[in-house]
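Notes follow the structure.
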Amino acid sequence: MGFKQYLVAAVAIVGMSAGSVAGWAQDVGAPSATGVVPPVASAASGVQTIPGMPAVANPDNLYSETGATHIAPDVVQDPARVYVPNLRSNDVDVIDPATNKVVDRFPVGKSPQHVVPSWDLRTLWVTNNAEGTIHGSLTPIDPRTARPGPSIAVDDPYNMYFTPDGKSAIVVAEARKRLDFRDPHSMQLQQSIDVPECKGVNHADFSIDGRYAIFTCEFGGHLVKVDMVNKKVLGYLKLSSGGMPQDILVSPNGKTFYVADMMADGVFLVDGDTFREIGFIPTGLGAHGLYPSRDGTKMYVANRGSHLIHGRPHSKGGGVSVIDFATNKVVATWPIPGGGSPDMGNVSADGKALWLSGRFDDVVYRINTDDGSMISIPVGQEPHGLTVWPQPGRYSIGHTGILR
């Protein structure tokens, strides 16, 4: 069914329950169309993955399949766009990176937080968590047309991830202290996991074999480790200082999880298997978002410039730190000219630009990854978790486009 045909069909189901809206994402393509390799239980690399998860091509670099030349044939046909969810104006701005201009804007649900690529790379989901209400929703965007489809009612979708085998979407219900496993296409609920000691659960990353995930607990200073096979909590870890963990990213070799902490002004290092803190890297005021470089050698840290949830614009502490994965050292620092509030985003397909929302400045930053020079593009009110599309890689594990 084509997108326009679906919109006609959607009219006929008005009044039905949200769980019955199941056709939009299912019709935009199967995983095989994106070039996903056949899943195997044991990769040639020697990494024993969970059943259904694509093989680990290079155990020394989880991001080896996200290099600039690895865009799947079906995905490369999608128009190059940057999708920016504006938390306070309840809409999404669409930027054409060729011109650095906003070329479209469309309304979505209340309080859009992130734009999340689906596991099969054929849908971009806007997570509208409707802060303070029970009217959360997910708005699908067709990346081929860059236009939205009908929203699906979903409780408190602050963020969203996908199990590495592609069988479930994980809706991060932040206010409910809960992880909701849902059908990745229809978003019907499969099961839930309560994480009662994880106040403000929000960001996650997965082990190299897909057997567990570690989620950050923003308002409790904890991390929670979750068994992805048996769907249960394995334990909690209290960070030694700071107290407001944000984004989390696994190292290229899968051994270390980096945790940005907005109060500690830097990045904690955590051994995922033993689930213990093993180090800390100071970066800058309000360390927040974490993104790997396109070649998998560096990590970009967005320092939001404030310890406050609702900070002031033009913070002189706002900027980006560049960490070398091999040495765990900061090798470059890029301040925002005139001050700013870099938050969440992603790297361009060719790796030459880092795109970040300017959370408290109502702009988006396009940062040159060679020298840190940047431009600002005005957008809606309080932009948050933007994504850049298309992206190279075989499948997405969620957030603003963490692909493998």
Side-chain angles (χ1 to χ4, degrees), residues 62-63 85 87 113-117 127 129 158-162 170 172 174 179 198-207 213-226 237 239 242-252 256-270 272 277 279-293 298-307 309 311 318-323 325 328 330 341-347 354-359 365 367 383-388 396-404:
L62 274 174
Y63 308 111
L87 180 63
Q113 300 280 2
H114 302 90
V115 178
V116 179
T127 62
N129 79 319
Y158 173 81
N159 206 347
M160 188 161 68
Y161 292 85
F162 294 87
I170 307 174
V172 182
E174 181 187 52
L179 303 174
C198 191
K199 186 178 180 182
V201 58
N202 52 29
H203 298 95
D205 208 344
F206 297 81
S207 61
I214 298 177
F215 287 79
T216 59
C217 312
E218 179 174 5
F219 304 122
H222 287 87
L223 308 176
V224 60
K225 187 174 181 178
V226 180
L237 174 65
L239 295 173
M244 194 172 280
Q246 304 292 320
D247 205 2
I248 181 169
L249 184 73
V250 70
S251 63
T256 303
F257 285 74
Y258 296 87
V259 182
D261 193 294
M262 202 165 82
M263 297 299 289
D265 299 335
V267 178
F268 288 100
L269 281 63
V270 172
E277 185 182 319
F280 180 78
I281 307 170
T283 58
L285 182 61
H288 200 80
L290 304 175
Y291 303 96
S293 62
K298 297 178 178 64
M299 177 173 64
Y300 305 112
V301 183
N303 304 306
R304 200 160 74 172
S306 175
H307 292 153
I309 295 175
V320 174
S321 301
V322 184
I323 292 175
F325 277 126
N328 284 329
V330 174
S341 51
D343 193 288
M344 293 289 179
N346 214 325
V347 181
L354 171 65
W355 291 83
L356 296 171
S357 60
R359 183 75 176 267
Y365 308 112
I367 304 170
H384 192 194
L386 69 80
T387 198
V388 183
S396 165
I397 57 171
H399 190 34
T400 56
I402 302 300
L403 271 62
R404 292 183 180 172

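Small disclaimer: the values here were computed from a predicted structure and weren't measured. Side chains are part of it too, since the values below use all heavy atoms of this structure and drop only hydrogens, waters and symmetry mates.
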Any side-chain heavy atom of H114 sitting closer than 4.5 Å to one from Y158?
-> yes
Could you check if a side-chain atom of N159 sits within less than 4.5 angstrom of a side-chain atom of H399, using non-hydrogen atoms only?
-> yes
Heavy-atom closest contact (E218 atom, N202 atom, distance) | OE1-ND2, 2.8 Å
After noting the C-alpha distance and the side-chain angles of T127 and V116, does the key distance pass the side chain to side chain contact (heavy atoms under 4.5 Å, CB included) rule?
-> CA-CA 8 Å; T127 62; V116 179; 4.0 Å; yes
Side-chain heavy-atom pair M299, P292 within 4.5 angstrom cut-off = no
Side-chain touch I281/L269, heavy atoms, less than 4.5 angstrom = yes
Any side-chain heavy-atom pair from T256 and V250 closer than 4.5 angstrom?
-> no
Exercise: identify the closest heavy-atom pair between G284 and S321 | N-OG, 4.4 Å
Can you see which heavy atom on P342 is nearest to which on G318, and at what distance?
-> CD-CA, 4.0 Å
Output for pair (N346 CG, W355 CH2), nearest 0.5 Å, gives 12.0 Å
The reported gap from NE2 in H307 to CG in L285 (rounded to nearest 0.5 angstrom) is 4.5 Å
Looking at OG of S396 and CD1 of I402, how far apart are the two atoms once the value is rounded to the nearest 0.5 Å?
-> 8.0 Å
Is there a donor-acceptor pair under 3.5 Å between the side chain of E174 and the backbone N or O of V172?
-> no
S306 (side chain) donor-acceptor with G311 (main chain) under 3.5 angstrom | no
Would R304 and S341 count as a side chain to side chain contact (heavy atoms under 4.5 Å, CB included) if you check the C-alpha gap in whole Å, the side-chain angles of each, and the deciding distance to 0.1 Å?
-> CA-CA 4 Å; R304 200 160 74 172; S341 51; 4.3 Å; yes
Contacts of type side-chain hydrogen bond (donor to acceptor under 3.5 Å, both in side chains), residue R359, not counting sequence neighbours | D343, E382, H384
For D205, the salt bridge (charged side-chain N to carboxylate O under 4.0 Å, His left out) test, sequence neighbours excluded, returns R404
Spacing of CZ belonging to F280 relative to CG belonging to L239, to within rounding of 0.5 Å = 10.0 Å
Kindly indicate whether the side chain of V259, heavy atoms from C-beta on, has any atom under 4.5 Å from the side chain of V267.
-> no
Under the side chain to side chain contact (heavy atoms under 4.5 Å, CB included) rule, what do Y63 and S251 come out as? Steps first, then yes or no, please.
-> CA-CA 9 Å; Y63 308 111; S251 63; over 6 Å; no
Side-chain heavy atoms of L354 within contact of V320, under 4.5 Å | yes
Examine Y291 together with Y300 and report whether their ring centres are nearer than 6.0 Å.
-> no
Taking it one step at a time, do I248 and I214 satisfy side chain to side chain contact (heavy atoms under 4.5 Å, CB included)?
-> CA-CA 8 Å; I248 181 169; I214 298 177; 3.6 Å; yes
If every non-hydrogen atom of P383 is compared with every non-hydrogen atom of G358, which pair is closest and at what distance?
-> CG-O, 3.6 Å
How about F215 and H203: do any of their side-chain heavy atoms sit closer than 4.5 Å?
-> no
If you take all heavy atoms of G221 and P245, which pair is closest and at what distance?
-> CA-CD, 3.7 Å
Are a donor atom and an acceptor atom from the side chains of N303 and H288 found within less than 3.5 Å of each other?
-> no
Which atom pair, heavy atoms only, marks the closest approach of Q113 to L87?
-> NE2-CD1, 3.4 Å
Between atom CE of M244 and atom CE of M263, what is the distance when rounded to the nearest 0.5 Å?
-> 6.0 Å
So how far is it from Y258 OH to L249 CG, rounded to the nearest 0.5 Å?
-> 8.5 Å
Give a yes or no on whether the backbone of Q246 and the side-chain of T216 come within a donor-acceptor separation of less than 3.5 Å.
-> yes
